[in-house]
Amino acid sequence: MVTIGYLDLLPGQRAVLDRLTEPGHHLVSGPPGSGKSLLAIHHAAALEIVGRPVTLIAHSKLLGQHLDADGVRLGASLPIMTFHGWVHAWYRETIGSPLGGTRIGSFDWPRLMSAALHDTGRRGHVLVIDEAQDLPQEFFGLCRVLGMDVIAFADEYQRITSTQSTLDEIEKALGGCGRLEISTNLRNPRPVAELACHFYPGLHQPPLPHRDGPVPVLLRRPEARRPFVRWLARYAENHRTLKIGVVVKRSREQGELLAEIERVRPGLRPQIYVGAAGDTRYQKVDPDRPGLRLVNRASVKGLEFDSVIVPDAHLDAGDPSSVDLKMLYYVLVTRTRGELYICYSGDQEPRMFGGIPQRTFVRQILPG
């Protein structure tokens, strides 16, 4: 993996990092592939190296593992936590007792705000937050009460959780902040970005990248798992140097795909990440190792792969005009640096793909 240093960044990216040295809150927005996660790790690493107390907040533990590897390459050893993990750890340290069995997204915010009023030891601390749009407004209000500087990186059109915030809501909760924007898509080839436009829920499309690449494929697959897994295994064998993200809707399908791959091609050694798994083997990945990586949609935010395969689009039978469904596919489509396969089973292609022209989506059939 090549380390992207400060001088390797685009002038616009370097300009954003330079502005972040100014005191106070900052909110950096940009479309997929614009380098938000890269800038987050750069800024957090710079703060750590000069001795500022800093914590990097990641949307998921899987994203945190990738950011940790990037930080090590930049020479920094950063504390990286999820938003929920940070809240629980902060409360325990402040009050001296655990917060308790709070369900995700159901924090007792008045209780937390009351605790924050008695904690003056956080002033001077910095929270660098990646995928900030997936955190609740109340969390940013808590940070404001604690007197911490918040550097948030966000794209409000990639909100796929129930605890989501718009850019305006984040700014309001922080009591004002510096707003910065980056716009260049450095990840996706142009055909992938053109497909992503069909799912973009905003009014003003981000600029398209210039880099050419393969046209995304809408692949009709058999309902039986084995023919699809054989195709998946052949794809991995023919692209052994690539990191291939297989992004599924249900954790159970991750396990079943893993078992079938190991039966069909035991030498492939796919990686799998299941956040709720009891087996720790399924909770750690090597971000630098090529090959298949089976991940859940809920954990894919902020990640990128050389190729992306979505095996189960037939499970999305909702209203194709739904903003939530559009944002979900906007996220899924834009994870790839190269090839993209969206697969479905059944006689009819999912309604959300209706009307997408052949030049944007190559339609293929996988034999049974």
Side-chain angles (χ1 to χ4, degrees), residues 5-6 9 13-30 35-61 63-94 112-113 115-155 165 167 169-182 302:
Y6 177 82
L9 300 172
Q13 294 175 321
R14 293 200 299 269
V16 167
L17 283 181
D18 294 343
R19 287 282 304 278
L20 296 182
T21 60
E22 299 172 4
H25 306 306
H26 294 278
L27 176 56
V28 182
S29 62
K36 295 186 298 298
S37 295
L38 178 63
L39 295 185
I41 195 70
H42 264 274
H43 185 61
L47 291 171
E48 192 271 341
I49 289 170
V50 300
R52 286 288 303 274
V54 58
T55 301
L56 182 57
I57 302 295
H59 162 70
S60 68
K61 291 181 179 179
L63 176 57
Q65 292 176 25
H66 285 73
L67 294 176
D68 182 60
D70 291 337
V72 170
R73 285 189 284 270
L74 291 172
S77 178
L78 291 166
I80 301 177
M81 306 179 74
T82 65
F83 137 68
H84 294 94
W86 188 91
V87 170
H88 280 279
W90 163 76
Y91 187 88
R92 188 184 305 109
E93 181 180 337
T94 301
L112 294 175
M113 289 294 186
L117 293 173
H118 302 286
D119 182 2
T120 59
R122 299 285 165 175
R123 299 187 183 279
H125 287 240
V126 183
L127 285 189
V128 178
I129 305 174
D130 197 15
E131 303 294 339
Q133 74 278 352
D134 281 320
L135 275 59
Q137 303 169 52
E138 293 88 350
F139 177 69
F140 299 101
L142 179 71
C143 295
R144 178 185 178 186
V145 171
L146 287 169
M148 297 186 298
D149 283 344
V150 171
I151 314 298
F153 294 81
D155 177 2
S165 301
L167 301 183
E169 289 168 344
I170 293 172
E171 181 177 3
K172 181 179 179 181
L174 289 173
C177 60
R179 293 278 284 262
L180 301 167
E181 185 175 357
I182 45 179

* Asked: Does any N or O in the side chain of Ser165 come within less than 3.5 Å of the main-chain N or O of Leu135, such that one atom is a donor and the other an acceptor?
  -> yes

* **Which atom of Ala132 lies closest to which atom of Phe140, heavy atoms considered** => O-CZ, 3.6 Å

* Asp18 backbone acceptor or donor facing Thr21 side chain under 3.5 Å -> yes

* For the residue pair Cys143 and Leu127, what are the closest heavy atoms and their distance? -> SG-CD1, 3.6 Å

* Report yes or no: does His25 contribute a side-chain atom to a donor-acceptor pair with the main-chain N or O of Val150 at less than 3.5 Å? => yes

* Structure fact -> Paired with Ile80, the side-chain contact (heavy atoms from CB on, under 4.5 Å) test is passed by just one of Asp130, Ile57, Leu67, Leu63, namely Leu67

* Criterion side-chain contact (heavy atoms from CB on, under 4.5 Å) on Leu112 and Trp90, from CA distance to verdict -> CA-CA 10 Å; Leu112 294 175; Trp90 163 76; 3.9 Å; yes

* **Distance (rounded to the nearest 0.5 Å) between Cys177 SG and Asp149 CG** => 11.5 Å

* Structure fact -> One should read off an interatomic distance between Ser60 OG and His66 NE2, to the nearest 0.5 angstrom, of 9.0 Å

* Return yes when atom CZ of Arg179 has more than 12 non-hydrogen atoms of other residues, nucleotides or ligands closer than 6.0 Å, and no otherwise. => yes

* Structure fact -> CZ of Phe139 to CZ of Arg144, rounded to nearest 0.5 Å, is 15.0 Å

* Structure fact -> For Leu78 and Val54, the nearest pair of non-hydrogen atoms, with its separation, is CD2-CG1, 4.2 Å

* To do: Give, for atom CD1 of Ile41 and atom CZ of Phe153, the distance between the pair rounded to the nearest 0.5 Å.
  => 10.0 Å

Please tabulate, for the side chains in residues 42-52, all donor-acceptor contacts under 3.5 angstrom to protein atoms that are two or more places apart in sequence or on a different chain.
unit_1 : atom_1 : unit_2 : atom_2 : d
His42  : NE2    : Ile4   : O      : 2.7
Arg52  : NH2    : Gly124 : O      : 3.1

* Measure across Val128 and Ala40 and return the closest heavy-atom pair with its distance rounded to 0.1 Å. => CG1-O, 3.6 Å

* Can you tell me how far the NE2 atom of His118 sits from the OG1 atom of Thr94, to the nearest 0.5 Å? -> 10.5 Å

* Distance in Å, Leu174 CG paired with Gln137 CD, rounded so as to fall on 0.5 Å steps -> 10.5 Å

* Which pair of heavy atoms, one from Arg122 and one from Met148, lies closest together, and at what distance? -> O-CG, 3.4 Å

* Given the rule in the side-chain contact (heavy atoms from CB on, under 4.5 Å) test, do Leu167 and Gln133 qualify, once you have shown the distances and angles that lead to the verdict? -> CA-CA 7 Å; Leu167 301 183; Gln133 74 278 352; 5.7 Å; no

* **Carboxylate-amine/guanidinium contact Lys172 Glu169, below 4.0 Å** => no

* How close do Lys36 and Ile182 get, heavy atom to heavy atom, and via which atoms? -> CG-CD1, 4.0 Å

